[in-house]
Structure formats: C-alpha cells, structure tokens
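Encoded as structure tokens, the structure appears first; notes follow it.
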There are 2 protein chains.
Amino acid sequence: MNLQEGKEKFISTWGTVGSNWGINRTMAQVHALLLISNDPLSAEEIMEELQISRGNANMNIRALIDWGLVYKGHKPGERKEFFTAEKDMGEVIKKVIVQRKKKELEPMIKTLDEISAVEGLCKDSEAFCKVVHDIKLFSTKADKTLDQLIRSDSNWFLSTFLKMIK
Amino acid sequence: MNLQEGKEKFISTWGTVGSNWGINRTMAQVHALLLISNDPLSAEEIMEELQISRGNANMNIRALIDWGLVYKGHKPGERKEFFTAEKDMGEVIKKVIVQRKKKELEPMIKTLDEISAVEGLCKDSEAFCKVVHDIKLFSTKADKTLDQLIRSDSNWFLSTFLKMIK
DNA sequence: TTATAATTTCAAAAACTAATGAAAGTTAAT
DNA sequence: ATTAACTTTCATTAGTTTTTGAAATTATAA
C-alpha cells in the first residue's frame with residue numbers, strides 16, 4: 001500500500017465509521033478528505049476527488065458545517081469558498097455527541113417522562129413500570145455525563161480514560 | 001395517556017433508539033415488547049402484537065438471541081418456543097457494545113494499523129500521518145476501555161458515572 | 001412412521017434513504 | 001445594472017435495507 005492507496009482507504013474507512021454513527025457515508029468521506037488534506041479545499045476539488053455531484057457535495061459540506069465539523073474560509077483574491085475540517089479528535093467527538101444527544105437522548109428522556117406520568121403505571125404493570133424507571137435512570141445519568149463532557153476541555157478524554165482504566 | 005398507549009409509545013420509542021444504534025427498528029421493537037411483558041411470549045404473539053410477518057418476526061428474534069438480548073424458553077406441555085428479554089439494562093448495554101465493538105471498532109483499528117505501515121507516511125504527508133496517529137491512539141484507548149467495561153459487573157455504570165462526574 | 005405443528009429460508013416486493021444534475025438563486029467585481 | 005462565478009434547491013433516479021409470504025425444513029407427538 002502506498003500513500004495514495006492509504007488515503008483512499010482512510011476516506012473509505014472513515015465513511016464506514018461515520019455511517020455507523022448516524023453520519024451519512026458521503027458526509028464522513030468529505031470530512032475525512034478535509035482531515036487529511038494539508039490545505040483547504042473548494043467544493044469543486046471535493047467533487048473531483050470523491051467523484052460526487054455538485055448537489056451532493058454541497059448538501060454534505062453544509063451538514064458538516066452545521067455540525068461544527070467543518071469550517072468555511074476564503075482565500076485572498078479567490079471568490080469561491082474553501083473548507084477545512086476540525087482536526088482535533090476530542091472536538092470532533094464532542095461535536096458528534098452534541099448532535100446525537102440532541103437528536104436521540106433528549107427526545108427519549110422526554111418520552112420516558114411522559115410515560116412515567118401515566119396513572120397507576122406501577123400498580124397495573126410491574127414489569128413495564130420497572131423497565132421505564134430503569135431506562136429513565138440510566139439515560140438521565142448519561143445525559144448529565146455527556147453535558148459535563150461537552151463542557152470539558154479537549155484533554156478530557158485522556159484523563160477520563162485513565163480514570164476509568166485505573 | 002393510558003397504560004396501553006404508554007406501552008405502544010414505549011415500543012415505538014425503543015424502536016427509534018435502537019435504529020440509531022445499529023439495531024433495526026423491528027428488532028428493537030421486539031425487544032421492547034418482551035422487556036415490558038410480564039410473561040414469555042411466543043413468535044405468534046409477537047407477530048400479532050407488532051403486526052409483523054412470520055419471517056420478519058423470526059429473523060429479528062433470531063438476531064436478538066444472537067446478540068444475547070433475548071432468551072429462548074419452553075413451557076411445560078407446549079411445543080412452541082417462548083421468548084424473554086434480558087431486562088438488566090447494564091447487561092443490555094454491554095451486549096450492544098460487544099456487537100458494535102466487533103463490527104466497528106475492531107475493523108477500524110485493523111485498517112488504521114495497515115495504513116500506519118505505509119512507508120514514509122509521515123515524511124510525505126504530515127497532516128495524514130497526524131490524523132491517522134490521533135485516531136489510532138483514541139480508538140485503541142476506547143477499545144481497551146470497552147474491554148474493561150464488558151468484563152465488569154453490572155454496577156459498573158453507576159460507579160463509573162460517579163467517578164466521571166465527581 | 002406419519003401427520004402436523006412450528007420454525008427457517010429466501011426470492012420478490014415495498015419502503016426508505018441518498019445522489020444526481022439541471023434550474024433557480026446569490027453574490028461580487030466591473 | 002450587468003454579468004459571470006459560485007452556491008443552493010429539489011424533483012427525479014438510483015441504491016440500499018427491510019418486510020413479506022409461501023415453500024422448504026425440522027421437530028414432536030401419536
């Protein structure tokens with residue numbers, strides 16, 4: 001495997017990882033391409049490199065910017081936009097967590113709260129009551145932990161892992 | 001919202017949560033139904049309750065058993081199989097992690113190792129070399145942490161969260 | 001062993017998700 | 001104000017994943 005092949009493999013792998021984390025394959029590949037690119041790239045260059053259409057490139061660059069994983073920039077004398085990726089992996093993970101928490105965890109907690117409010121829940125179905133309670137407990141804890149994480153500095157991961165493994 | 005509506009809402013919510021975690025919607029709904037059911041259910045009852053086909057029910061029950069989230073059982077005098085869900089949420093999460101780790105993290109680490117082996121990686125592309133290195137570091141750490149977690153007892157979550165938040 | 005109840009398989013259909021590309025909309029330099 | 005470079009939108013098309021249901025297989029009771 002040479003450098004070029006390595007880059008291609010990386011882009012494709014990051015695409016797979018992303019799609020397992022609720023980030024569409026192309027979105028993750030655009031991010032990967034920008035991650036390993038020394039200089040900012042234009043939409044045109046991204047299209048060319050990944051062999052994707054203009055619309056597709058635009059949509060996914062946009063989504064990456066929304067997630068805070070990619071930044072928009074300009075080069076002096078050039079009219080078009082140039083894009084760079086967030087390269088600090090701690091930040092990348094934090095930003096993914098922010099999105100997933102918002103999209104998944106928060107709505108789930110809200111629903112569990114609504115269900116818990118059902119009259120006579122525990123009286124009428126013990127199993128149901130217990131499951132709802134357990135999941136609520138766990139997800140509330142997860143929610144609080146993730147909040148801490150999001151607020152923490154970039155070295156958080158390292159230190160937490162050490163704490164966890166210790 | 002009454003008990004019946006609550007149960008339906010729970011099944012549908014758990015389906016959504018699951019599909020965000022690489023578990024197909026129906027598979028998660030079958031799990032949810034078994035979670036909140038006081039007694040073991042037969043395939044027939046699951047089909048009826050969730051309004052799904054025999055094939056679909058079978059496939060997803062099978063997958064849940066493979067993941068260790070559902071257990072197969074028998075009732076005396078009955079020929080058909082009855083199913084129960086793993087109800088300990090700590091165990092549920094552990095089992096999901098085992099699957100996702102195997103499917104995602106391990107192949108990624110393998111690929112990153114292959115890429116790292118590329119001759120002159122760091123000499124020829126600094127950005128690429130750094131990114132690969134960073135992700136490798138992080139994912140190896142995650143891998144080890146998850147191994148610890150999988151081996152740990154069910155109260156691990158509680159204690160770890162307390163450690164994290166402290 | 002035979003009949004039959006239950007489970008499994010899998011090709012085809014349906015449902016869902018992502019990508020294309022042409023047209024519409026913006027923006028900025030002249 | 002006009003034009004040309006660039007970006008965004010979105011209806012259509014392509015690709016992927018899930019579900020169905022009927023047929024094949026397996027297991028049990030008589």
Side-chain angles (χ1 to χ4, degrees), chain A residues 11-12 14-34 40-67 70-84 99-100 103-104, chain B residues 11-12 14-34 40-67 70-84 99-100 103-104:
Chain A
I11 290 170
S12 132
W14 203 237
T16 305
V17 171
S19 74
N20 284 321
W21 281 90
I23 294 162
N24 109 17
R25 176 176 308 286
T26 307
M27 183 169 162
Q29 289 186 345
V30 171
H31 183 240
L33 175 62
L34 292 173
L41 301 180
S42 66
E44 211 75 35
E45 289 167 315
I46 292 169
M47 287 163 58
E48 167 66 21
E49 198 75 43
L50 301 179
Q51 292 292 303
I52 58 174
S53 71
R54 185 169 298 286
N56 196 9
N58 181 266
M59 297 281 248
N60 286 297
I61 292 168
R62 205 66 25 219
L64 284 164
I65 292 172
D66 286 347
W67 281 43
V70 160
Y71 307 110
K72 196 193 312 201
H74 290 274
K75 283 189 186 175
E78 293 260 27
R79 182 156 152 197
K80 54 170 163 275
E81 297 169 332
F82 285 83
F83 306 97
T84 34
Q99 299 296 324
R100 298 202 60 171
K103 202 181 88 186
E104 295 170 39
Chain B
I11 290 170
S12 134
W14 202 238
T16 306
V17 171
S19 74
N20 284 320
W21 280 89
I23 294 162
N24 107 19
R25 175 177 311 285
T26 307
M27 182 171 162
Q29 289 186 344
V30 172
H31 183 240
L33 175 62
L34 293 173
L41 300 180
S42 67
E44 211 76 35
E45 288 166 317
I46 293 170
M47 287 164 59
E48 166 66 22
E49 198 75 43
L50 301 178
Q51 291 293 305
I52 58 175
S53 71
R54 185 170 298 288
N56 196 9
N58 182 265
M59 298 279 247
N60 286 297
I61 293 169
R62 203 64 28 218
L64 284 164
I65 292 172
D66 286 347
W67 281 43
V70 160
Y71 307 110
K72 195 192 315 201
H74 290 274
K75 281 189 188 174
E78 292 260 30
R79 183 155 151 196
K80 50 170 165 277
E81 296 170 332
F82 285 83
F83 306 97
T84 35
Q99 299 296 323
R100 298 202 60 169
K103 201 181 91 186
E104 295 169 39

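A, B, ... follow the sequence lines: proteins, then strands. Residue 1 opens every chain. Just so it is clear, the model here is predicted, and its values are computed rather than measured.
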For residues 15-30 of chain B, which side-chain donor-acceptor pairs fall under 3.5 Å, sequence neighbours excluded?
{"residue": "T16(B)", "atom": "OG1", "partner": "S12(B)", "partner atom": "O", "Å": "3.1"}
{"residue": "S19(B)", "atom": "OG", "partner": "T16(B)", "partner atom": "O", "Å": "3.0"}
{"residue": "N20(B)", "atom": "ND2", "partner": "T16(B)", "partner atom": "O", "Å": "3.3"}
{"residue": "W21(B)", "atom": "NE1", "partner": "E104(A)", "partner atom": "OE1", "Å": "3.3"}
{"residue": "N24(B)", "atom": "OD1", "partner": "T26(B)", "partner atom": "N", "Å": "2.8"}
{"residue": "N24(B)", "atom": "OD1", "partner": "M27(B)", "partner atom": "N", "Å": "3.1"}

Interatomic spacing from [atom1] in [X] to [atom2] in [Y] - rounded to 0.5 Å:
X	Y	atom1	atom2	result
M47(B)	N56(B)	CE	CG	9.5 Å
I11(A)	W14(A)	CD1	CH2	12.5 Å
T84(B)	Y71(B)	OG1	OH	8.0 Å
H31(A)	F83(A)	NE2	CZ	13.5 Å

Not counting sequence neighbours, which residues clear salt bridge (Lys or Arg N to Asp or Glu O under 4.0 Å) with K103(A)? List them please.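 Result, salt bridge (Lys or Arg N to Asp or Glu O under 4.0 Å) vs K103(A): none returned.
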If the condition is salt bridge (Lys or Arg N to Asp or Glu O under 4.0 Å), which residues does K80(A) pass it with, not counting sequence neighbours?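 Expected list: none.
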Looking at S42(B), is its backbone amide N or carbonyl O close enough to the side chain of E45(B) to form a donor-acceptor pair, meaning the two atoms are under 3.5 Å apart?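 Yes: the side chain of E45(B) pairs with the backbone of S42(B).
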Ignoring hydrogens and angles, tell me if any N or O in the side chain of N58(A) forms a donor-acceptor pair with the backbone of R54(A) under 3.5 Å.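 The answer is no, because no donor-acceptor pair under 3.5 Å joins these two groups.
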Identify, between K72(B) and T26(A), the residue whose nearest nucleotide on DNA chain C lies closer to the 5' end. K72(B)
Could you check whether E81(A) gets within reach of a base, just the sugar-phosphate, or nothing at all, counting any heavy atom under 4.0 Å? sugar-phosphate
Which atom of H74(B) lies closest to which atom of E81(B), heavy atoms considered: CE1-CG, 3.7 Å
With DNA chain D as reference, determine whether R79(A) or R62(A) sits nearer its 5' end, using the nearest nucleotide of each. R79(A)
With nearest nucleotides of DNA chain D determined for R25(B) and E78(A) from heavy-atom distances, which residue corresponds to the more 5′ nucleotide? E78(A)
At a 4.0 Å cut-off to heavy atoms of chain A, the contacted part of DNA chain C spans dA18(C) to dA28(C)
How many whole angstroms separate atom CG of N60(A) from atom P of dC10(D)? 17 Å
The bend of the helix from dT1(C)-dA30(D) to dT30(C)-dA1(D), taken between the axes of its five terminal pairs at each end and rounded to 10°, is 20°
Please determine whether a side-chain nitrogen or oxygen atom of N24(B) lies at a distance below 4.0 Å from atom OP1 or OP2 of dT19(D). yes
Sorted by number, the residues of residues 50-58 of chain B with heavy-atom contact under 4.0 Å to DNA chain C: R54(B), G55(B), N58(B)
Any chance you could lay out the side-chain contact (heavy atoms from CB on, under 4.5 Å) test for I46(B) and L34(B), step after step, and finish with the verdict? CA-CA 9 Å; I46(B) 293 170; L34(B) 293 173; 4.1 Å; yes
